[in-house]
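To start, the structure under review is shown below, and the notes come after it.
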Amino acid sequence: MLSGLVAVSGGLALASTRPDRLRDPRESLVDSLLARMTLEEKLGQLNVIAGDHDTATAAQLALVRAGRVGGFLGVAGATATHEAQRVAVEESRLKIPLLLGYDVIHGYRLIFPIPLAEASSWDTATAARTAALAAVEAAAAGVNWTYAPMVDIARDPRWGRIAEGAGEDPELGSAFAAARVRGFQGPNDTLGPGKVLATAKHFAAYGGAEGGRDYNTVDVSERTLREVYLPPFQAAVAEGAGSIMSAFNEIGGVPSTANRWLLTDVLRGEWGFRGVVVSDWTSVKELQAHGVAGSPTAAGGLALQAGVDMDMQSNIYADDLSAVVRAGGLPEATVDEAVRRVLRAKIRLGLFEDPYRPAAQGDGTSGPFTTVARRVARTMATEAIVLLKNDRGLLPLTRRATRVAVIGPLAASREDPLGPWHARGDSTDVVSVLAGLRERAPRGTVVRYARGCGATDTSTAGFPEAIAIARRSNVAILVLGETDGMSGEAASRSTLGLPGVQERLLEAIVRTGTPVVLVLMNGRPLALPWAAEHVPAIVETWFLGVETGHAVADVLYGDVNPSGKLPVTVPRSVGQVPIYYNHTSTGRPYSPTDHFTSQYLDLPSTPLYPFGYGLSYTRFEYSNFGLAATRIGLRDTLRVHVRVRNAGTRAGTEVVQLYVHDEVASVTRPVRQLADFRRVSLGPGESQTVELAIPPRRLGVYDLEMKFVVEPGWFRVYVGPSSVEVLESRFEVVGKN
Ligand code: BGC
């Protein structure tokens, strides 16, 4: 009797603390489904399994029919997705549609530049467009859930997954995280046609792997976690991201897939996330390898109670947890809460109204879609290119370059420009660098090609041919770097040079005396000090996707003036790693006149190329740096302005960057941190006053109690074309906390 009363009043209390549930008619669907579900069906909703070659097998469809699957990953194409949904909504008892996930990271079939390249554009609007186009194409193939954006901050280029994110900076990373979520999902809570549910991953600090080795241990302070690694996730949540993926890693002894503080207290409690948390591939099961669970059931219990709603590919929730729940080892209410979130995601996608909606349009898209998407891909690709060096204006190529040698293992490649994680990307869609240059070279130009060597070759047998064509040319364009498989998941490197004999090929061509343009293609910053010293022109292209050759030719021939800026620091040597611009000062900051300061004996203390750096074919001058106030309150946003003039003879686009530094705080602060940025296009001789802003979010610190506060005192503020070449000013924040 007593327990009955408690249950009733508890139930009432629960209802009254959730007015949203009473108001929202969608909740009644969730409630009624939940009320009719068996425990096995509930756990089935939490089960995500991988299809086989993009198709659900007969055995998997039988599981769907039995209500034991909530979603697939890697089932795509109109036929396969339609069949899986049909079985779910026609043949399963409760007719609940499926989530159909896919790694649409930088395109589905039509492949855009890798995320690190897109971040080099600092153009979040175009990044939102590429995500939106990828969503249209994926949705047309029946996919309704993408495992993107990957928003991991990466400070270590040995880590191959640096290619999938937006680089090293939390502010830039947050801007791209929000833009991509917006692109994939659109602006509304209910996702319209052609939209897919986004997943911010990998929560959290997956990029902080020791030694840059993928899947490795992370040991990071709560302060660095909150200041550096978490902001892009919070930005994705604020933008309405439908799901979050828990990472493979551990942080300070707690595997992320079992980290209740992270997945529940911070994510849901502090940030108000209401979507679905999905594990990474078998990361629930891997709690056993981590050594925090002695059995699959223990692993499943830990993950579910930590806040992982869906189990990807471990099959533990579906196979093992019902017995635990029945034995009283796991509250059924915890299962129910996870099921509610999954059902809400399906409602949000409109799947109960039309489970097939997008798949009906056919497998992939073509015609007008492709024309528009390729145009956006080309814009994004040209904006992503970073001009690292251009001595004596070797670039852009002029009509005098009538004999052009194109050399290198990546010059004619149509596979590598797709980069890692290229979903259904197809190399036949790719314009290689060689093809792009041949197409664009002025009539009468002789373009000769020699591969020189393979990307990882140890043989120099192809050198003589390459040297011979270089000797006969006015300019040699060398396309060197990494293959597509050398970055991405499980693709860490311990060195950051050019693989194989590529550097020797470069040296041999430079020795011919023919001016060399080095076009780099790679998924991580490469440490190339010799090239930086001896090669007159260097262009970083990362992996630019299907429009690679057109974009490279656009920039090399000056049809587009390069505007990309590095979203990540480029080291001189792997020994400098981790090296990032927003480090703290130390008690002994490097001084050239004092030996006992923080430095290496055998390396300069600067990077090869700093964060935010990138050249243009024109020259931008900065002047009249002004602040709207030199004294602001604790909650104020400071507006600043600067005059930027295109002092050259070509139109160009500059990325104006604003940095801030808190001079004295209760805890140490980065020597500089990005506060705002803007892309500005200026004709020759034209100038513009650019307005930027520093919101309190960029001024605050996590104080000694880990409370985020803006502390009164003096701040420095810097504006300029990179994180190092800057104009400087100061302002004071006043008030009491
Ligand atoms: C990766 C995730 C990916 C998942 C599904 C994992 O190995 O870490 O980024 O979304 O596989 O393909």
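Counting convention: from 1, in listed order, for ligands and their atoms alike.
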Is Glu489 close to ligand 1, meaning an N/O of one under 3.5 Å from an N/O of the other?
yes
Work out whether the distance between some heavy atom of Gln313 and some atom of ligand 1 is less than 4.0 Å.
no
Determine whether a donor-acceptor pair (N or O, by modelled atom type, separation under 3.5 Å) exists between the side chain of Thr548 and the backbone of Gly545.
yes
Counting from 1 in the order shown, the ligand 1 atoms closer than 4.0 Å to a non-hydrogen atom of Trp421 are 12 (O)
Starting from atom 10 (O) of ligand 1, find the nearest protein heavy-atom neighbour and note its residue, name and distance.
Asp103 OD1, 2.6 Å
Considering the heavy atoms of Lys201, write down every atom of ligand 1 situated less than 4.0 Å from one of them.
2 (C), 3 (C), 9 (O), 10 (O)
Just which atoms of ligand 1 are under 4.0 Å from any heavy atom in Asp280?
1 (C), 2 (C), 3 (C), 4 (C), 6 (C), 7 (O), 8 (O), 11 (O)
Has His106 got a side-chain atom pairing as donor or acceptor with Pro420's backbone, closer than 3.5 angstrom?
yes
Under 4.0 Å from one or more heavy atoms of Phe248, ligand 1 contributes atoms 6 (C), 7 (O), 8 (O)
Strictly below 4.0 Å, N to O, side chains only: are Glu137 and Arg109 in salt-bridge contact?
no
Under a 4.0 Å threshold between the charged nitrogen and the carboxylate oxygen, would Arg226 count as salt-bridged to Glu270?
yes
For Tyr147, the ligand 1 atoms with a heavy-atom partner under 4.0 Å come out as 10 (O)
For His202, counting its heavy atoms only, list the atoms of ligand 1 lying under 4.0 Å from any of them.
2 (C), 8 (O), 9 (O)
Which ligand 1 atoms, with their elements, are less than 4.0 angstrom from a heavy-atom of Arg161?
1 (C), 2 (C), 8 (O), 9 (O)
Ligand 1 contacted by Met245 (non-hydrogen, < 4.0 Å)
yes
Could you list which atoms of ligand 1 come closer than 4.0 Å to a heavy atom of Leu73?
5 (C), 12 (O)
With distance as the sole test, does Asp169 use its side chain to make a donor-acceptor pair with the main-chain N or O of Glu171 at under 3.5 Å?
yes
Using salt bridge (Lys or Arg N to Asp or Glu O under 4.0 Å), reason through Asp152 and Lys201 one step at a time and then give a plain yes or no.
CA-CA 7 Å; Asp152 295 316; Lys201 69 186 190 186; over 6 Å; no
Between Glu40 and Arg68, is there a salt bridge with N-O shorter than 4.0 Å?
no
Will you find, in the side chains of Ser120 and Glu540, an N or O donor that is under 3.5 Å from an N or O acceptor?
no
